[in-house]
Amino acid sequence: MTSIDIRLFVGLRGPDLAASTAYLALVQKMGFSGRLLGVKRYEFFHLVIESDAPADTTIEALTRTLASQSTFYNRNKHMYSLECRWDGGEKVEGPAHPEMVAGFARSLGARANRQTGIDFDGKGEDKVSIVNGSPAFLIEVFVQDDDEAGRGAIAAKLTRELTASAGLGSVKVQCPGRATVWWLAVAASGEEEAVATARQITVTRRRDEGLLMNPNYQSAEFVSAGRVDTVRS
């Protein structure tokens, strides 16, 4: 059987009211002005598919299934990035992760130009923009419910639908991850400080500390994607 590891990011094409509201609350009411430079939100699905069919055939059936229902995304409302990897190959639909990060960095530059007059246009090859004397880091925060029922339901649904697809044979789908992903652009002196700030932003301890995760029934994973304040034209 072929085992395929699949990472699906889904985001709104237009303005995201939830992300905008979170950003405003964090910078205006919770003391992160000057440290939190930008917020973006995605829905994330981590799937593992084992199939008797070749990888390309299985992925084609998966993309048809994803596009035919609203469980994962609506093509009119959402952009998506689908990255599939298996032993000896990979396939990407939509922007790859580095392209998404570069687009986020450009949006930070545009915001800084509007709000502070800082030059983020990146005309020089090594030009780095500095916000309040500190570089910017992108911290990806994966917030996932502890209850596995939702992930199990997604795996069962896709297993049924892909098994019904002609020519696939035996198919088994697992869903190790189903999370809301918050991209936090944080001004900090270094990566360790940026991750610490992201934890303060994320984990709700009391009314004025943390906003994005409830530790009573959720867990969070913090992944640094490095500096995002170098913007090349």
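All values below were derived from every heavy atom in this structure, side-chain atoms included, with hydrogens, water molecules and symmetry-related copies excluded.
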Trainee: Using modelled atom types only, decide if a donor and an acceptor are shared between the side chain of E99 and the backbone of A96 within a distance under 3.5 Å.
Mentor: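 Side chain of E99 to backbone of A96, a donor-acceptor pair under 3.5 Å: yes, one is there.
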Trainee: Does one side chain, of H46 or Q144, offer a donor that lies under 3.5 Å from an acceptor on the other?
Mentor: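 No, no side-chain donor-acceptor pair sits under 3.5 Å.
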Trainee: Any side-chain heavy atom of L162 within less than 4.5 Å of one from I49?
Mentor: yes
Trainee: Are the side chain of S107 and the backbone of F104 linked by a donor-acceptor contact shorter than 3.5 Å?
Mentor: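 Yes.
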Trainee: Would you say L12 and V10 are hydrophobically clustered, going by side-chain heavy atoms of ILVMFWY under 4.5 Å?
Mentor: no
Trainee: Report whether M100 and V223 are members of the same hydrophobic cluster (ILVMFWY, side-chain heavy atoms less than 4.5 Å apart, transitive linking).
Mentor: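 They do share one cluster, since a chain of ILVMFWY contacts under 4.5 Å joins M100 to V223.
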Trainee: Identify the heavy atoms of G169 and D52 that sit nearest to each other, and give their distance.
Mentor: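 So the two residues come closest at C-OD2, 4.2 Å.
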Trainee: Would V171 and T58 satisfy side chain to side chain contact (heavy atoms under 4.5 Å, CB included), going step by step from the backbone distance to the final call?
Mentor: CA-CA 9 Å; V171 178; T58 303; 5.6 Å; no
Trainee: List the atom of T71, the atom of F45, and the distance in Å for their closest heavy-atom pair.
Mentor: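 Scanning both residues, the minimum pair turns out to be O-CZ, 4.4 Å.
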Trainee: To the nearest 0.5 Å, tell me how far Y42 OH sits from E140 CD.
Mentor: 9.0 Å
Trainee: Working to the nearest 0.5 angstrom, can you tell me the gap between L82 CG and T63 OG1?
Mentor: 7.5 Å
Trainee: Nearest 0.5 Å please: distance from the CZ atom of R75 over to the CG atom of L66.
Mentor: 9.0 Å
Trainee: Verify side chain to side chain contact (heavy atoms under 4.5 Å, CB included) between T202 and L184, making sure each step is shown before the conclusion.
Mentor: CA-CA 10 Å; T202 300; L184 307 177; 4.0 Å; yes
Trainee: May I ask you to check whether over 12 heavy atoms, not counting those of E148, lie within 6.0 Å of atom CD?
Mentor: no
Trainee: With salt bridge (Lys or Arg N to Asp or Glu O under 4.0 Å) as the criterion, how do R41 and E43 come out once you've worked through the C-alpha distance, each side chain's angles and the decisive distance to 0.1 Å?
Mentor: CA-CA 7 Å; R41 182 177 66 106; E43 296 303 317; 3.5 Å; yes
Trainee: With side chains defined as the heavy atoms from C-beta onward, is the minimum distance between Q200 and F32 less than 4.5 Å?
Mentor: yes
Trainee: Hey, mind stepping through W86 and I59 against side chain to side chain contact (heavy atoms under 4.5 Å, CB included) and telling me if it holds?
Mentor: CA-CA 11 Å; W86 61 95; I59 293 169; 3.4 Å; yes
Trainee: Tell me the closest heavy-atom pair linking A136 and L37, and the distance in Å.
Mentor: CB-CD1, 3.7 Å
Trainee: If you compare all heavy atoms of A67 against all heavy atoms of Y73, which two are closest, and at what distance to 0.1 Å?
Mentor: N-OH, 3.9 Å
Trainee: Would you say S3 and V48 make side-chain contact, with heavy atoms under 4.5 Å?
Mentor: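 Yes. Closest side-chain heavy atoms under 4.5 Å.
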Trainee: Within the supplied structure, the quantity of interest is the number of heavy atoms (other residues, nucleotides, ligands) at a distance under 6.0 Å from K91 NZ; does it exceed 12?
Mentor: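 Counting neighbours around NZ of K91, more than 12 heavy atoms of other residues, nucleotides or ligands fall under 6.0 Å, so yes.
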Trainee: Start with the C-alpha gap between W182 and V39, add the side-chain angles, then the distance that decides, and say whether side chain to side chain contact (heavy atoms under 4.5 Å, CB included) holds.
Mentor: CA-CA 7 Å; W182 297 90; V39 174; 3.7 Å; yes
Trainee: Rounded to the nearest 0.5 Å, what's the gap from CD on E83 to CD1 on I6? Could you check?
Mentor: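 These two atoms lie 11.5 Å from each other.
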Trainee: Please give me the minimum heavy-atom distance between R7 and D5, naming the atom from each residue.
Mentor: NE-OD2, 2.8 Å
Trainee: Should we count CG of D87 as having more than 12 external heavy atoms under 6.0 Å?
Mentor: no
Trainee: Could you tell me whether the side chain of T204 and the main chain of N214 form a donor-acceptor pair under 3.5 Å?
Mentor: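 No; judged by distance alone, with no hydrogens or angles, the pair does not exist.
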Trainee: Between R227 and E191, is a salt bridge (Lys or Arg N to Asp or Glu O under 4.0 Å) present by the stated rule, with each step listed?
Mentor: CA-CA 8 Å; R227 291 174 68 145; E191 192 171 278; over 6 Å; no
Trainee: Roughly how far, to the nearest 0.5 Å, is the CG atom of L138 from the NZ atom of K40?
Mentor: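 Those atoms lie 11.5 Å apart.
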Trainee: S33 and V27: which non-hydrogen atoms are nearest, and at how many Å?
Mentor: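 The pair with the smallest heavy-atom distance is CB-O, 3.4 Å.
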Trainee: Could you state the interatomic distance from OG (S224) to CD1 (I139), rounded to the nearest 0.5 Å?
Mentor: 4.0 Å
Trainee: Mark yes when over 12 heavy atoms from residues, nucleotides or ligands other than E192 sit less than 6.0 Å from its CD; otherwise mark no.
Mentor: no
Trainee: Where the side chain of T21 meets the backbone of A18, is there a donor-acceptor pair that is under 3.5 Å apart?
Mentor: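 Flag not set: sc T21 to bb A18 has no pair under 3.5 Å.
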Trainee: In the single-linkage hydrophobic clustering (I, L, V, M, F, W, Y; side-chain heavy atoms under 4.5 Å), do M30 and L24 co-cluster?
Mentor: yes
Trainee: Do the side chains of I4 and S51 get nearer than 4.5 Å, heavy atoms only?
Mentor: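 SC-SC contact between S51 and I4 ruled out.
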Trainee: For residues 149-159, which side-chain donor-acceptor pairs fall under 3.5 Å, sequence neighbours excluded?
Mentor:
from, atom 1, to, atom 2, distance (Å)
R151, NH1, D145, O, 2.9
K157, NZ, E161, OE2, 3.1
T159, OG1, A155, O, 2.8
T159, OG1, V173, N, 3.1

Trainee: Over 60° means perpendicular and under 30° means parallel, so classify the ring planes of F9 and F44, tilted if in between.
Mentor: tilted
